[in-house]
Asks: 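For reference, the structure I am asking about is given below.
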Amino acid sequence: MKWSQTFIPTLKETPSDAEVESHKLMIRSGMIRKLSAGIYSYLPLGTKILNKVTTIIREEMDKSGAIELSLPALQPLTLLELSGRIDAFGDDLLSMKDRHKKGIALSPTHEEVITDLVKNEVSSYKQLPLILYQIQTKFRDEARPRFGVLRSKEFLMKDAYSFDTDDDSLNNSYQKMYDTYCRIFERCKLDFLAVEADTGAMGGDVSHEFMVPNENGEDVIAKCRSCDYSANREKAEPSPIESDDNVTPDDPKEVSTPNMTTIKEVSNFLGIESNKMVKTLIYTYDNKHVAVLVRGDHDVNEAKLSKVLSSDEIALANEETVVELTNAPVGFAGPIGLKTQIIADQAVTVLKNCVVGGNKADTHIMNVNPDKDFKIDRAADIRFVTENDRCPKCNDVLDISNGIELGHVFKLGTRYSDSLGAKFLDKNGKERPIVMGSYGIGVNRILAATIEKSHDSNGIIWPLPLAPYEVLIVPINFKDETIMDTATKIYDELCDAGIDTLLDDRDQRPGFKFKDADLIGIPIRITVGKRLKETGELEIKLRSKEEVYYAKPENILTEIVKHMDSLR
RNA sequence: CAGAAUAUAGUUCAGAUGGCUAGAACGUACGCCCUGGGAGCGUAAGGUCACAGGUUCGAGUCCUGUUAUUCUGACCA
């Protein structure tokens, strides 16, 4: 492609509404433009890169035995009502009425659609297992789109769904997709991590997220420093904390803590570390109340609590309820004398001489000891891990960091086949629900994550497999016939050899072209300039390296092929 | 959804206390010059000052409302 013939509007200035580096560079390099908040157009350069990624995904999915299809972007609300997910999506669902006043939605995902399709067409175990996938736009009305294409209202997703006869077969499909994902991300040159994840509103039991560690990522991952344990924040479990047997329990003592309702205030006032304090929170679930105890420096993980209580509808109790149950204003709740059920985090059970709320205004109680001074009905892991926690597998240090979620795989089980009635007849002629799995990849996020980790102050550094063009030819002087002729000749030669080449045939000064070249980040640059006249050589420079190599025009193809091999 | 900020040329921004024909840089067009890191000179085009009301002799500037965008948090299959 000749630069003058395509459409790559680069920008010298940083757009004012871009915050993270990948977003800035995607706009500056002419890959994308914003149409509206969280809605982006992909320009030719961005589209080419997107196509490189989808090609890799297709090749690997096809190799795994998955079959591509194409589902509609529109779906009737009735399907989401059947699966019960209309509430789970809530305001994130973009829905409307068609002319017949029928409710339809722009699909946020396709579990229901594919299950409905398969239920009508698959009726025998002989048709299973089956893995179907598509690469398609998804719509979610994000409350707060941000970071460019990392969180947008419309995004490209590769979603796959597996259909199996039983759990063993599902495990097989799941492993196949897991391995395929690893290969896809490896081919994209990403340093990814597969972490244990919570299944959230998706349902199912086992789930892994494919993450790229990055400070701008919205997810939090915990990773063990020495063993292979890693999990996302919702799921990560701390190693149990051991009790300190050297401390002798003292007798409880009431202290006045006027107007001090937060852990920090009480901790500062009493001069006691927050990890020697107990946070008592009243939760409501299924019309019942429960007191939840975590250490002062810990936070309740509602996903875990929800599982412990076996309830989907848990929430902090309102103020009146707290006052009624504790006989005190909010901020002074404590476990002593409470009539409700008490659930404590494991870390609370081993505390000695700790501080709790007094269930009385402006009062806390010191030197409190669990079991001795109050009863714990149930101890469990109900908190988020922190940097001070240890690995549950090997007890070494857990590192907590942010990550960008690129892929997510779920063992769904029969959640959707049950609610939508997708059944098959097994060998014995017995009707059974199809066992399903679901597997997603955020295609746009692969671009953003790649740029996040692969750029410098001048612009993007594309890895060869994703680069919009593999080679960029920069003739230094548009008006010099020798230079332009040579540039055009090697351009034709590289194109004929099947190398994706861009020729910067614009009448611009060299500095201008070099800046653009660095900005859009083509991996290999050939400069045709004064050296051609002096020694008859061309210059080859890799975007990722400082060195410059020289080659005669007649050897350029072999030289380029050599460099391309080194980049693969 | 809560809190906050912003909205002026294609882009990035200036435009105290209200005052004449709304500016700069970059970009764009044309000309000159130049051709190894966004060089220089000149000329020109380019504006519903987000929108709607209001106060005022007079509003880009003050007030009210609306909308949009961004940030922080909540939420997030």
Side-chain angles (χ1 to χ4, degrees), chain A residues 9-20 23-24 27-28 30 33-39 80 83-94 105 107-112 138-148 150-153 155 157 159 161 197-204 207 209 217-220 232-234 299 302-303 315-316 405 407-410 412 415-416 438-442 457-459 474-480 483-484 504 506-520 525-534 538-539 541 548:
Chain A
T10 57
L11 250 36
K12 202 185 292 188
E13 314 226 37
T14 303
S16 63
D17 53 8
E19 193 70 12
V20 299
H23 188 198
K24 290 177 188 169
I27 294 173
R28 286 191 54 212
R33 284 294 182 267
K34 183 173 77 176
L35 175 63
S36 180
I39 306 177
L80 289 162
S83 72
R85 282 213 297 177
I86 205 154
D87 292 328
F89 281 114
D91 288 338
D92 279 4
L93 189 70
L94 276 166
S107 298
T109 174
H110 283 82
E111 277 77 12
E112 288 83 357
K138 301 280 189 267
F139 301 87
R140 288 176 199 179
D141 194 2
E142 294 290 345
R144 197 178 151 205
R146 61 184 128 178
F147 303 145
L150 280 177
R151 178 158 295 272
S152 54
K153 295 196 179 200
F155 57 97
M157 185 172 183
D159 48 324
Y161 307 90
D198 189 68
T199 50
M202 201 69 165
S207 163
E209 283 173 344
E218 291 187 89
D219 294 272
V220 179
N232 86 358
R233 188 172 129 95
E234 310 302 314
D299 289 311
E302 293 190 0
L316 274 171
E405 180 190 348
H408 204 158
V409 292
F410 300 85
L412 295 174
R415 182 195 185 305
Y416 295 91
S438 160
Y439 317 88
I441 290 181
S457 59
N458 289 318
V474 182
I476 232 60
N477 188 341
F478 181 77
K479 298 207 169 66
D480 187 312
I483 287 175
M484 288 309 289
D504 191 349
R506 297 173 299 172
D507 183 7
Q508 293 287 358
R509 294 169 56 86
F512 184 93
K513 291 189 180 184
F514 287 142
K515 287 290 184 190
D516 263 357
D518 287 349
L519 182 58
I520 69 170
R525 186 181 82 194
I526 302 174
T527 308
V528 187
K530 65 182 179 205
R531 201 176 172 96
L532 179 71
K533 308 216 154 155
E534 290 164 1
L538 306 170
E539 297 165 38
K541 187 186 170 301
V548 180

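Here the structure is a predicted model, which is why all the values come from computation and not from measurement. The analysis underlying the following values was restricted to heavy atoms, covering all of them including side chains, and did not include hydrogens, waters or symmetry mates. The sequence lines fix the lettering, A, B, ..., with proteins before strands; numbering per chain opens at 1.
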Asks: Mind checking if E19(A) touches a base, just sugar-phosphate, or nothing, with heavy atoms under 4.0 Å?
Replies: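 Sugar-phosphate: the residue E19(A), judged by heavy atoms under 4.0 Å, touches backbone atoms but no base.
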Asks: Applying a 3.5 Å limit to both distances, which nucleotide forms a Watson-Crick or G-U wobble pair with A16(B)?
Replies: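 Looking at the geometry, A16(B) pairs with no nucleotide.
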Asks: For nucleotides 31-34 of chain B, tabulate all protein N/O to nucleotide N/O atom pairs closer than 3.5 Å, reporting atom names and distance.
Replies:
residue: C34(B); atom: O2; partner: R509(A); partner atom: NH1; Å: 2.5

Asks: Roughly how many Å apart are A29(B) and G10(B), using the P atom of each and rounding to a whole number?
Replies: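 Going atom to atom, P in each nucleotide, I get 16 Å.
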Asks: With a 3.5 Å limit on both atom pairs, tell me what U35(B) is paired to, counting Watson-Crick and G-U wobble, or say none.
Replies: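 Check on U35(B): unpaired, no WC or wobble geometry under 3.5 Å.
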Asks: Taking the side chain of S16(A) as heavy atoms from C-beta outward, which of G37(B), G38(B), U12(B) is closest to it?
Replies: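 Per side-chain heavy atoms of S16(A), the pick is U12(B).
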Asks: Considering Watson-Crick and G-U wobble pairs with both distances under 3.5 Å, what does U6(B) pair with?
Replies: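 Across any shown strand, U6(B) pairs with A68(B).
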Asks: Distance check, rounded to the nearest 0.5 Å: F410(A) atom CZ versus Y439(A) atom OH?
Replies: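 Reported to 0.5 Å precision, the distance equals 11.0 Å.
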Asks: Tell me what D516(A) touches on the nucleic acid: a base, only sugar-phosphate, or nothing, going by heavy atoms under 4.0 Å.
Replies: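 Contact class for D516(A): base.
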Asks: Please give, in whole Å, the distance from G36(B) P to D480(A) CG?
Replies: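 From D480(A) CG to G36(B) P: 11 Å.
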Asks: Between U8(B) and G23(B), how many Å separate the two C1' atoms, rounded to a whole number?
Replies: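 The same atom, C1', in both gives a distance of 10 Å.
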Asks: As an exercise, state the distance from CD of E19(A) to CZ of R146(A), rounded to the nearest 0.5 Å.
Replies: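 Here the rounded value is 11.0 Å.
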Asks: What does R28(A) touch in the nucleic acid at a heavy-atom separation under 4.0 angstrom: a base, only the sugar-phosphate, or nothing?
Replies: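 Result for R28(A) = base.
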Asks: Check this for me: does the side-chain of R146(A) come within 3.5 Å of the base of G73(B) through a donor and an acceptor?
Replies: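 Absent.
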Asks: Of the nucleotides G37(B), C76(B), G38(B), which one has an atom closest to the side chain of L519(A)?
Replies: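 Of all the options, the side chain of L519(A) is nearest to G38(B).
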Asks: Identify whether the distance between the nearest side-chain nitrogen and carboxylate oxygen of R151(A) and E218(A) falls below 4.0 Å.
Replies: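 So R151(A) pairs with E218(A) through a salt bridge.
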Asks: What is the separation between atom CZ on F147(A) and atom C1' on U72(B), rounded to the nearest whole Å?
Replies: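 Taking atom C1' of U72(B) as the reference, CZ of F147(A) is at 11 Å.
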Asks: For a quick check of understanding: with a heavy-atom distance under 4.0 Å over all strands, which category does R506(A) fall into, base, sugar-phosphate or nothing?
Replies: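 No contact.
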Asks: Answer with yes or no whether R151(A) presents, from its side chain, a donor or acceptor under 3.5 Å of a partner atom in the base of C76(B).
Replies: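 Donor-acceptor pair under 3.5 Å: yes.
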Asks: Begin from the C-alpha positions of I476(A) and F514(A) and carry the test side chain to side chain contact (heavy atoms under 4.5 Å, CB included) through to its verdict.
Replies: CA-CA 9 Å; I476(A) 232 60; F514(A) 287 142; 3.4 Å; yes
Asks: Is F155(A) touching bases, backbone alone, or none of the nucleic acid, heavy atoms closer than 4.0 Å?
Replies: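 Counting heavy atoms under 4.0 Å across all strands, the contact made by F155(A) includes a base.
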Asks: Contact class for E112(A) vs. all strands (heavy atom < 4.0 Å): base, sugar-phosphate, or nothing?
Replies: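 No contact.
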Asks: Identify which nucleotide among U69(B), U12(B), G73(B) has an atom closest to any side-chain atom of A37(A), counting heavy atoms from C-beta outward.
Replies: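 That would be U69(B).
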Asks: Both distances under 3.5 Å, Watson-Crick or G-U wobble: report the partner of A22(B), or none.
Replies: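 For A22(B), the partner nucleotide comes out as none, under the 3.5 Å rule.
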Asks: Scan every strand shown for a Watson-Crick or G-U wobble partner of G73(B), both distances under 3.5 Å, and answer none if you come up empty.
Replies: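 Check on G73(B): paired to C1(B), both distances under 3.5 Å.
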Asks: What's the NZ-P distance between K530(A) and U35(B), to the nearest Å?
Replies: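 Rounded to whole Å, this separation is 11 Å.
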Asks: If we take the P atom in both C62(B) and A25(B), what is their distance in whole Å?
Replies: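 Roughly 26 Å separates the two P atoms.
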Asks: For K24(A), what residues pass the side-chain contact (heavy atoms from CB on, under 4.5 Å) criterion, not counting sequence neighbours?
Replies: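 With sequence neighbours excluded, K24(A) shows a side-chain contact (heavy atoms from CB on, under 4.5 Å) to T14(A), A18(A), E21(A), given in chain and number order.
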Asks: How long is the line joining CG of D504(A) and C1' of G37(B), in whole Å?
Replies: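 The distance from CG of D504(A) to C1' of G37(B) comes to 13 Å, rounded to the nearest Å.
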Asks: Taking the same atom, C1', in C49(B) and in A68(B), what whole-Å distance lies between them?
Replies: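 My reading of the C1' atoms in C49(B) and A68(B) gives 16 Å.
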Asks: What is the distance, rounded to the nearest whole Å, between atom CZ of R33(A) and atom P of U69(B)?
Replies: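 In whole Å, U69(B) P and R33(A) CZ are 18 Å from each other.
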Asks: Can you give me the N/O atom pairs linking the protein to nucleotides 4-7 of chain B at distances under 3.5 Å, or say none if there are none?
Replies:
none

Asks: Provide the distance between the two P atoms, one in U17(B) and one in A50(B), to the nearest whole Å.
Replies: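 The same atom, P, in both gives a distance of 16 Å.
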Asks: Say you pick atom C1' in C34(B) and the same atom in U69(B); how far apart are they, in whole Å?
Replies: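 Those two atoms are separated by 42 Å.
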Asks: To the side chain of K12(A), which of U70(B), C26(B), U72(B) is closest?
Replies: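 Side chain of K12(A) sits closest to C26(B).
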Asks: State the CG-CE distance between N477(A) and M484(A), to the nearest 0.5 angstrom.
Replies: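 Nearest 0.5 Å value for the CG-CE distance: 9.0 Å.
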Asks: Hey, is the main chain of T10(A) close enough, under 3.5 Å, to the side chain of R28(A) for a donor-acceptor pair?
Replies: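 Answer holds: no.
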Asks: If the test is side chain to side chain contact (heavy atoms under 4.5 Å, CB included), which one of K513(A), R506(A), E539(A) qualifies with V474(A)?
Replies: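 The side chain to side chain contact (heavy atoms under 4.5 Å, CB included) with V474(A) is passed solely by K513(A) among K513(A), R506(A), E539(A).
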Asks: With hydrogens left out and only the distance checked, is there a donor-acceptor pair under 3.5 Å joining N458(A)'s side chain and the base of G37(B)?
Replies: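 Absent.
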Asks: Whole Å only: how far is the CD atom of Q508(A) from the P atom of G38(B)?
Replies: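 The distance from CD of Q508(A) to P of G38(B) comes to 13 Å, rounded to the nearest Å.
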Asks: Scan N477(A) against the nucleic acid and name what it touches under 4.0 Å (heavy atoms): base, sugar-phosphate only, or nothing.
Replies: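 Contact class for N477(A): base.
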Asks: Roughly, in whole Å, what's the span from CZ in F512(A) to P in G37(B)?
Replies: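 Distance, rounded to whole Å: 14 Å.
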Asks: Would you compute the distance between atom CG of N458(A) and atom CG of D516(A) and round it to the nearest 0.5 angstrom?
Replies: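 Output value for this atom pair is 11.5 Å.
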Asks: Do E539(A) side-chain and G36(B) base share a donor-acceptor contact under 3.5 Å?
Replies: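 Between G36(B) and E539(A), which were checked side chain against base, a qualifying N/O pair under 3.5 Å is present.
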Asks: Calculate the interatomic distance between E234(A) atom CD and C75(B) atom C1'; express it in whole Å.
Replies: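 Nearest whole value for this atom pair: 11 Å.
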Asks: How would you label the contact of A143(A) with the nucleic acid (heavy atoms, under 4.0 Å): base, sugar-phosphate, or nothing?
Replies: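 If one applies the 4.0 Å heavy-atom cut-off, A143(A) turns out to touch a base.
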Asks: For A44(B), give the paired nucleotide (Watson-Crick: N1-N3 plus N6-O4 or O6-N4; G-U: N1-O2 and O6-N3; both under 3.5 Å), or none.
Replies: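 A44(B) is paired, partner U28(B).
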Asks: Give T527(A) one of three labels, base, sugar-phosphate or nothing, depending on what nucleic acid heavy atoms sit under 4.0 Å from its own.
Replies: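 Base, at least one base atom sits under 4.0 Å.
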Asks: Can you confirm whether D91(A) is buried at CG, in the sense that more than 12 heavy atoms of other residues, nucleotides or ligands lie under 6.0 Å from that atom?
Replies: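 Atom CG in D91(A) is not crowded, with 12 or fewer foreign heavy atoms closer than 6.0 Å.
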Asks: Is there a Watson-Crick or G-U wobble partner for A59(B) with both distances under 3.5 Å, and which nucleotide is it?
Replies: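 The answer is none; no pair meets the criterion.
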Asks: Write down the distance separating the P atoms in G65(B) and A4(B), rounded off to the nearest Å.
Replies: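 Those two atoms are separated by 13 Å.
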Asks: Starting at CG of D198(A), measure out to CD of E209(A) and round the result to the nearest 0.5 Å.
Replies: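 Answer for the CG-CD pair, D198(A) versus E209(A), is 8.5 Å.
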Asks: Just checking D518(A): base, sugar-phosphate only, or nothing, at a heavy-atom cut-off of under 4.0 Å?
Replies: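 D518(A): base contact, heavy atoms under 4.0 Å.
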Asks: What distance, rounded to whole Å, do you find between the two P atoms, one in G73(B) and one in U56(B)?
Replies: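 G73(B) and U56(B) have their P atoms separated by 45 Å.
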Asks: Of all the nucleotides listed (U12(B), G38(B), G73(B)), which has the minimum atom distance to the side chain of P15(A)?
Replies: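 The nucleotide sitting nearest to the side chain is U12(B).
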Asks: Classify the glycosidic conformation of A16(B) as syn or anti, calling it syn when the angle lies within 90° of 0.
Replies: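 A16(B): syn glycosidic orientation.
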